[in-house]
Structures are given as C-alpha cells and as structure tokens.
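Written out below as structure tokens is the structure these notes cover.
Just the heavy atoms: all of them, side chains too, but no hydrogens, waters or symmetry mates, feed the values below.
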Amino acid sequence: MGTWALTRRGRSTARQASDSSAMEAAARWGFVARGVLYLLIGVLALRIALGDGGQEADRGGALVEVAAQPLGQYLLWALGIALAGMALWRLSEACFGAAGADGHKPRKRLFSLARFVFYAFVSYSVLSFAVGASGSGSGSSDDQSEDVTARAMELPGGQWLVGIGGLAIAVTGLWIAGRAVLRKYHKHLKARALRGRTGKAVDITGVAGGIARGAVFAVLGGFAVKAAVDYQPDEAKGIDDTLRSFADTPAGPWLLALIAVGLAAFGLFSFAMARWRKI
C-alpha cells in the first residue's frame, strides 16, 4: 500500500474519530470542567469582594480549592483529563471543521486551533498540579504574567510584541462581551435549550457570564498594553490582580462582586453548554 493510500486511510480514520460519540463525550465533559473552574474563580473573587482575600481568584486558586476537597486528587485528574478532551475536540474542529453551516471556513478553523492550544495548556497545568509540579503553569497567574512579559520584552521588538499582544487580548475581551450581548451562542445550542424557563436561565447566565468574562479579558489586555508603553513588566497582571483592580474603581468592592457573580454565571452557562451544545 502506497504512502498516499496510507495517508488517506489515516485521515479517514481521524475524521471518523472526530465524529464519534467518544469525541462528543470528551467535548461535553470538557465544558463541565470549564464550568467548575469558572464557578470556583467566581466564588473566590466574591470572597475577595466581601473582605476575605486569602486565596487567589485564578486557576491556581481554584485548583487549590479542588485539592482541599475529599478525593481532591482524583477530582484534579478528572478535570485535567476532561480539559484534554476539550482540547482534542477543538483540534478536530480545526482539522475537519466545526458543527454548523460555516464550520468549515478558514476563520472558524483558526479560532478552533487557537482554542486547542489554550485548552491543551490549561489541561497540562491542571494535570501538572495534580502530580505536584508547582512550577508547571498552575501557580499564581500574576507571577506568570509578569515573568512572561519580562521575557517577551527582552526580545528584539519585545515592547511592541507585548503591546500588540495586550491589545489583541483586550479586543478579544470586547468581542466576547459583544457576542454575549447579541446572544451569538444561540446558534450553537439545540432548540430545546432556548425554550421557556430553560431558555431564560441560559440567556441570563450566557449574557451575564459573557460580559463578565469579556470585561476581565479587556482589562487584562489593558494592563499588558500599559506595561508595554511604560516598559514596566511588573505592571502586567494576571487574573487575580485584574479582578482585584475592579475593587479599586469608584464602585469599589461592589463592582468586583458583580464581576464575580458574572464569572460564576459563566460557569453555570458552561454546564448548560455541556448539556445542550451542538457537537
């Protein structure tokens, strides 16, 4: 059998795997894992707003909370594996196209590829935390952001790279919030998820969660741009410091509490996506 035939057979097998019930289950459990992390980050941020700022409100803080629960180590492994499933699903979308009429467009595939990289990293950091590798991406998001920014600024044109990257993150945040307001997620959901009380609950969590998530990304990107303009890597912030910055506004802790509730709502919305999303 020739190389071309083997390649064609391998591609056909990969396509069948991407359409399998196992891939669908991997995607749905991935949404559940994402929901758990956002729900915990929202709870941690709400604690900060209420005056209990002991635990960091980011992925690392959420993992510490999971690890502290009964059977926490097993839960961490379950989260990491579920997120790996999400990453594989996004990779299959990048290779073979996503669900929907426009799922095969190059732009959609590029977005899926970017999401694959993101979820692969998140899965790696969760699994590394589960085995005790504290320096593998599961630590403080604030320290990581400062470290990455400092290293990037040492590169030729690094100041521009950080500024453009920050601007891209900020624009992405505005895009996320805008799509939530316009309820663009409707096209990804099965019809029965949008009816009656279920539909209202999905819209409340989807819109509130998307706005809160988008706001966090927009401010996070803004701090990166400021770090680039001032040439001060320590001005770049992670999720925890970004969330705490909302409490420094004239609205005070109330704005942080509102954002925290929104992030928790996005966690609930992720559970809805796990149940009703078209895969």
Correct closest heavy-atom pair for Ala224 and Val162 would be O-CG1, 3.6 Å

**pair Leu194-His186: side-chain heavy atoms closer than 4.5 Å** = yes

NZ of Lys190 to CZ of Arg277, rounded to nearest 0.5 Å, is 11.0 Å

For Ser245, the side-chain hydrogen bond (donor to acceptor under 3.5 Å, both in side chains) test, sequence neighbours excluded, returns none

| Do NZ/NE/NH1/NH2 and the carboxylate oxygens of Asp248 and Arg244 come within less than 4.0 Å? | no

Give a yes or no on whether the ring-centroid distance for Phe31 and Trp89 is below 6.0 angstrom.
yes

Which of Leu40, Asp58, Leu75, Val126 passes side chain to side chain contact (heavy atoms under 4.5 Å, CB included) with Leu63? It is Val126

Side chains of Tyr119 and Ser123: does their closest heavy-atom pair fall under 4.5 Å?
no

d(Leu161 CG, Thr149 OG1) to nearest 0.5 Å is 11.5 Å

Minimal heavy-atom distance between Leu83 and Arg34, with the atoms involved, is CD2-N, 4.2 Å

Report yes if the side chains of Asp203 and Arg183 come closer than 4.5 Å at any heavy-atom pair, otherwise no.
yes

When every non-hydrogen atom of Ala272 is compared with those of Val202, the smallest separation belongs to CB-CG2, 4.2 Å

I'd like to know if Glu93 pairs up with Arg90 as an ion pair, taking the criterion as any Lys NZ or Arg NE/NH1/NH2 lying under 4.0 Å from an Asp or Glu carboxylate oxygen. yes

Please output the side-chain donor-acceptor pairs of residues 207-223 that fall under 3.5 Å, not counting sequence neighbours, one pair per line with the distance.
{"residue": "Arg213", "atom": "NE", "partner": "Tyr38", "partner atom": "OH", "Å": "2.9"}

- What is the ring orientation for Trp175 with Phe111, classed by angle as parallel under 30°, tilted 30 to 60°, or perpendicular over 60°? tilted

Side-chain contact test, heavy atoms from C-beta onward, threshold under 4.5 Å: evaluate it for Leu243 versus Ile41 and give yes or no.
yes

Taking every heavy atom of Gly206 against every heavy atom of Phe269, the minimum-distance pair comes out as CA-CD1, 3.4 Å

Is there a side-chain contact between Phe271 and Thr205 (heavy atoms, below 4.5 Å)? no

Are side-chain heavy atoms of Tyr185 and Arg179 found at a separation under 4.5 Å?
no

